[in-house]
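Below: one structure, written as structure tokens.
Index from 1, following the sequence. Counting starts at 1 for both ligands and their atoms, in listed order.
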Amino acid sequence: MCGIVAYIGSQKAYPIILKGLKRLEYRGYDSAGIALYDDAVQCFKRKGRVAELAAWDEKIIEKATVGIGHTRWATHGEPSDANAHPHTSNNGQLTLVHNGIIENYASLKQELVQKGYVFKSETDTEVLVNFIEDIQKNNDYTLEEAMRVALKRVVGAYVIIVMEKGFPERLIAARKGSPLVIGVGDGEHFLASDASPIIEYTKKVIYVNDYELAILFKDEIILKNLGNEAITPYVQQLDMELAQIEKGGFDHFMLKEIFDQPASLTDCLRGRLDSENQILTLAGIDQHISIFTEAKRIIIVACGTSWHAGLIAEYMIEALGRIPVEVEYASEFRYRNPVIHPGDVIIAISQSGETADTLVALERAKEQGAFIFGVVNAVGSSIARLSHAGAYTHAGPEIGVASTKAFTAQLMVLAMMAIKIGKEKKTLSASEYQRYLVELALIPAKVKTVIASHESIKKVAIHYASARDFLFLGRGYNFPVALEGALKLKEISYIHAEGYPAAEMKHGPIALVDEHLPVLFVATKDAYYEKIVSNIQEIKARKGKVIAIVSADDTLIRSMADHVMEVPEVDELLAPLVSVIPTQLLSYYIGVALGLDVDKPRNLAKSVTVE
Ligand code: F6R
């Protein structure tokens, strides 16, 4: 949550920061602001989107070659001009942007108020900048010394970048819990919450670690820990292209990312699956195979859409690997003192690799001796680095706030894991193993077939765009798909939607059914087919409107449903990879029909780096 960008070099800082903030807007879009260091520090900030900042005074923009910027997802204080970052300290010496939450801000604020400090905003960030100022002033410290002392007293998560009056040639940044990347240029340096604002200028990056301070000049980077010991920066090469983070002719990132899925799934399989020669290579699993085959239990920890992928993985791993699996909301797991035994395997699923709840849950589990395996999309992210081993999903950057291609890539990796574990444990026969590899190879083409039917899904979407509520039902592997479909619709269209196991519907939700309620069944051909046919009849008997996602050769459900969306036939274990696609398109087209900002739904942010 919240995106930050900074530049120090010889180019005009403003356009670089503005463009960078636009790329990071998916992290929050309640307000935005930029501070530039010209002859003095000039700050411009507003409630609303980054585009509002384009109206800034030309003369300031012309000269400054140093600056910091911020796009906000509100935590402390409503979206407003006053609460927008950057924030400046009372004596005007320090200007700061912040991503994260200072949990003990109230007590720090009280201390400062007693000393006469005045606050213009409700933010924890303004407390932090004044807290640093206070320590600096009272002890005659340099900014660096004051930050080290201040940050040792701060509880919570942060990335901050600070500009100091009188030091136009230097920026100081610090990190704990929120992400920070340094772009290493030639005579210029960049700082950002992720690499997307940097990629256009350099592919050389340094990921800053927790409790590190980065002191940036245009020609030099100094990394230190909070104990003032120097750290040798580890410069990495980014594996990302600019085209991956642009819309490429689509109206929205969400649509582009839905359409990307045949390619992103192919990327996910690349170098791993050789179905002709019956080879499946998953280095992270291969290198630790005995940990998986001997595991007494696997716990999957995730949030949101990634948690839905975890539910499907539970079914897959239990079916093929015969290992008991529990799926946990990271936010609950981290606080409820769970029983973890050394030797337990924790699988963390995360697109961003930065979700605060997931990250802390893993830290707790790691302390207790669990083996952590990350299924992560963002390369080099905090969760990827915290894990003992892992498998990247290789979906490429996902910019639309609602997760689409990252979800299917997660499913693909999790399916490969289940197949591998099953083979090694011999709980999956050689012939079944071979059959699954063939099925895996066919998935990208099947997903493409579903996407090709987007015009007919659009018609269904337009038909139901004015619905007030939706029910999504599924059984078996398609039950989590129903949950995911409902989540996507809520996020994108603000229509109330609930996902349920189809049989569970009779224990309550059926009371909602009348002629106004659309009920979407994820009803591809599988072991539960006949059962779901009965559930559809139960809805029809109560005049509910039935939309069904069906297999291509289905005739029975087709004859019962008001609308159908067709997908190719797929083995039931892999069915979610194709049956989820119509739900993504349905949500997208309903959101567009309602005139909503599908890439940036209200109140949301893509990377939830606060708990
Ligand atoms: C929904 C969505 C969220 C994320 C959740 C976890 O479309 O994107 O529910 O899935 O915030 O995020 P990651 O996967 O980055 O840990």
4.0 Å heavy-atom contact, K488 with ligand 1: yes

Proximity flag N377 to ligand 1, non-hydrogen atoms under 4.0 Å: no

Ligand 1-proximal atoms of V401, by part, heavy-atom distance under 4.0 Å: backbone

Donor-acceptor pairs under 3.5 Å, side chain of residues 443-452 to any protein atom, not counting sequence neighbours: which ones?
unit_1, atom_1, unit_2, atom_2, d
K446, NZ, E569, O, 2.7
T449, OG1, A445, O, 3.0

N377 (side chain) donor-acceptor with T393 (main chain) under 3.5 angstrom: no

Sidechain-backbone polar pair: E257 side chain, G400 backbone, donor-acceptor under 3.5 Å: yes

Can you report which non-hydrogen protein atom sits closest to [atom], along with the distance?
atom: atom 11 (O) of ligand 1; answer: V608 CG2, 3.9 Å
atom: atom 3 (C) of ligand 1; answer: T305 N, 4.0 Å
atom: atom 16 (O) of ligand 1; answer: T355 OG1, 2.4 Å
atom: atom 5 (C) of ligand 1; answer: C303 O, 3.6 Å

Those atoms of ligand 1 less than 4.0 Å from some heavy atom in S350: 13 (P), 14 (O), 15 (O), 16 (O)

Sub-4.0 Å atoms of ligand 1 with respect to non-hydrogen atoms of E491: 1 (C), 2 (C), 7 (O)

Parallel, tilted or perpendicular: ring planes of F371 versus H388, cut at 30 and 60 degrees: parallel

Parallel, tilted or perpendicular: rings of H563 and H463 (30°, 60°): tilted

Residue list, salt bridge (Lys or Arg N to Asp or Glu O under 4.0 Å) with K19, at least two apart or on another chain: E200

S352, any N or O under 3.5 Å of ligand 1 N or O: yes

N or O contact, Q351 vs ligand 1, cut-off under 3.5 Å: yes

Close aromatic pair by centroid cut-off 6.0 Å: F250 and F259: yes

K458 atom NZ, neighbour heavy-atom count above 12 within 6.0 Å: no

